*Asks:* 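Sending over a structure as structure tokens; questions will come in a sec.
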Amino acid sequence: MPKQQIKQILALQDFEMPVEVSGWVRNRRGSKNVAFVHLNDGSCQKNIQIVVDAAHIQEDLIKKISIGACIKVSGTLVASQGSEQDREILATRLIILGESDPEKYPLQAKAHSMEFLRENAHLRTRTATFGAIFRVRHALGFAVHQYFNEQGFYYWQSPIITASDAEGAGETFRVTTLDLNKLPKTDDNRIDYKEDFFGREANLTVSGQLEAELGALGLGLVYTFGPTFRAENSNTSRHLSEFWMIEPEMAFYEAKDNQDLAENFLRYLIKYALDNCKDDLGFLDQRFAKEEQQKKKEEQSEMGLLEKLRFVVENDFERLTYTEAIDILLDSKPHKKKKFKYPVAWGIDLQSEHERFLVEKHFKKPVILSDYPKEIKAFYMKQNDDGKTVRAMDVLFPGIGEIIGGSQREENLEKLKQKTDELGLTEELWWYLDTRRFGTAPHSGFGLGFERLVQFVTGLSNIRDVIPFPRAPLSADF
Ligand code: ATP
Ligand code: MN
């Protein structure tokens, strides 16, 4: 018999047929003669009920069906008399694939705290919540590839090990094979990286952008989807040390095209999840509602999770410049009543409290901010004619803050080289500058933090709960 997933059995139209499933016991009720088992194999949110009775199955086997155990069942799919399900499997054959001591199994049939589940990340995928999160994560990842394929983009791999620290400003993880206890030294007593594996300093990438630009300036439309690493010591609910980033880079796209793509892309991804993850999002919607009830009235979200997702799909994002945003902030109640922790003035790097005010209080929808002061943005962003701002854009989401950061790139060799000269990067980035030296072209791109997207769609408040094995300062278990 071909292997059947519980998802498939739950979709069958005809009953009274033989079926076979394997899965983990979520719960069992009943006596030593008959057990009602809730079985889940990860294929979907719902469990299937298995009825195991002593008329068909040996009693000592029935005894071993405990929470956490893994079993394989053959039997007949029948209509259920219970009110909670329309069908169940009447077991005629049962194999205990893996016993589990119910006294010691960490996951009980009750709600556990997210902290506890993080400490048990090796088992948390067997819970209803994490099953839902990781299935939604999968769907969103699949939709990323589908979207770009439909739009004529090519999937491009930027290197994970790089020798440039162009953006990281020291927030990189070093890659080395040197013996840290016996470091080779140069004559002036510095570490001699010529002796290292690559013959030079190397680190894990903080962004695949610079190499994605090389892809775009030949293939036209490319995107990366890979891991990035940042050694920033920010222990927030929105930062990981290892996270996945999607970075499209497009030749012949200017700032507005970049904004249009970012908005269209995000709405497509969220719609894909709404259309394809109904059960999981329905479950997460209820979970979200319960979590919100625990919060103070003024901190509660005005919309439910599904409502929020539909709202983003159906409404245009608000677009305005950084300068306009500063004016709104200067004119805002929290600024006038000195409620913001950080000061507001033209030139500041917006703090999360400012971004959240704009998105959650003022506009009540996603916001695209553009044309930031050049001093607070990266060297490769295209300079505006005003001499003060660059063609940057950040997409800000409710509850998340920045979900996308991007820009039109500087294509003018002189202007770009002036910047790399200032930063002492001209020599190191000769290959990057070459693309402006030979056949330069206007182009744009952005980076979407995949976990922040998954956070938004699943309604999870901590980013560590939307990646299977989170990496954060002082935390690299599993
Ligand atoms: P933030 O100000 O929130 O730290 P950033 O300005 O450092 O973000 P970018 O360098 O523009 O972000 O990176 C692009 C996107 O990658 C961000 O918009 C965000 O979605 C995501 N991102 C950045 N840093 C992290 C991180 N440490 N963990 C998870 N996602 C991140
Ligand atoms: Mn950052």
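Numbering of ligands and ligand atoms starts at 1, following listing order. Along the sequence shown, residues carry numbers from 1. Quick caveat: nothing in here was measured; it's all calculated off a predicted structure.
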*Asks:* Residue-level breakdown please: for E232 versus ligand 1, do any non-hydrogen atoms fall below 4.0 Å on the side chain, on the backbone, on both, or on neither?
*Replies:*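 Only the side chain of E232 comes within reach of ligand 1.
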*Asks:* Any nitrogen or oxygen of M245 lying under 3.5 Å from a nitrogen or oxygen in ligand 1? Just yes or no.
*Replies:*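 No.
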*Asks:* Against heavy atoms of R238, which atoms of ligand 1 measure under 4.0 Å?
*Replies:*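 Counting atoms of ligand 1 from 1, those under 4.0 Å from R238 are 3 (O), 28 (N), 29 (C).
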*Asks:* Classify the contact between R452 and ligand 1 as side chain, backbone, both or neither, using a heavy-atom distance cut-off of under 4.0 Å.
*Replies:*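 Side chain only.
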*Asks:* Taking distance alone, with no angle check, do L448 and ligand 1 share an N/O pair under 3.5 Å?
*Replies:*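 So ligand 1 has no N or O lying under 3.5 Å from an N or O of L448.
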*Asks:* Could you pull out all residues at least two apart from E242 that satisfy salt bridge (charged side-chain N to carboxylate O under 4.0 Å, His left out)?
*Replies:*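 Expected list: none.
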*Asks:* Checking contacts here: is it the side chain or the backbone of I404 that comes within 4.0 Å of ligand 1, counting heavy atoms only? Could be both or neither.
*Replies:*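 The answer is the backbone of I404.
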*Asks:* Could you work out, for atom 25 (C) of ligand 1, the closest of F243, W244, F229 by heavy-atom distance?
*Replies:*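 Checking each option, the heavy atom nearest atom 25 (C) of ligand 1 is found in F243.
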*Asks:* Test of understanding: given a 4.0 Å heavy-atom threshold, classify the contact between R230 and ligand 1 as side chain, backbone, both, or neither.
*Replies:*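 The side chain, only.
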*Asks:* Regarding N264 and Y147, do their side chains bring together a donor and an acceptor under 3.5 Å, going by distance alone?
*Replies:*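 The criterion, which ignores hydrogens and geometry beyond distance, is satisfied for Y147 and N264.
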*Asks:* List the residues meeting ring-ring contact (aromatic ring centres under 6.0 Å, His included) with F446, not counting sequence neighbours, and say none if there are none.
*Replies:*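 Per chain and number, F446 pairs via ring-ring contact (aromatic ring centres under 6.0 Å, His included) with no residue.
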*Asks:* Side chains of R436 and N412: do they bring a donor and an acceptor to under 3.5 Å?
*Replies:*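 Absent: no donor and acceptor within the cut-off.
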*Asks:* My understanding is that only one of K7, K46, R135 makes a salt bridge (Lys or Arg N to Asp or Glu O under 4.0 Å) with D280; could you say which?
*Replies:*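 That would be R135; it is the only one of K7, K46, R135 passing the salt bridge (Lys or Arg N to Asp or Glu O under 4.0 Å) with D280.
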*Asks:* In ligand 1, which numbered atoms sit nearer than 4.0 Å to a non-hydrogen atom of I463?
*Replies:*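 Selected atoms, number and element: 29 (C).
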*Asks:* Numbering the atoms of ligand 1 from 1, which are under 4.0 Å from a heavy atom of H239?
*Replies:*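 It comes down to these atoms of ligand 1: 1 (P), 3 (O), 4 (O), 26 (C), 27 (N), 28 (N).
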*Asks:* First locate atom CE of M250, then atom NE2 of H443, and finally report the distance between them rounded to the nearest 0.5 Å.
*Replies:*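 Here the rounded value is 10.0 Å.
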*Asks:* Within ligand 1, which atoms have a heavy atom of G405 less than 4.0 Å away?
*Replies:*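 Matching atoms, with element in brackets: 11 (O), 18 (O).
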*Asks:* Does NZ or CZ of K419 lie under 6.0 Å from the centre of the six-membered ring of F379, at an angle within 45° of the ring axis?
*Replies:*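 Verdict for F379: no cation-pi partner in K419.
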*Asks:* Answer yes when E402 and R238 have at least one side-chain N-carboxylate O distance shorter than 4.0 Å, and no when they do not.
*Replies:*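 So E402 does not pair with R238 through a salt bridge.
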*Asks:* Under 4.0 Å from a heavy atom of G447: which atoms of ligand 1 are those, numbered in the order shown and with their elements?
*Replies:*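 Taking each heavy atom of G447 in turn, ligand 1 has 14 (C), 15 (C) under 4.0 Å.
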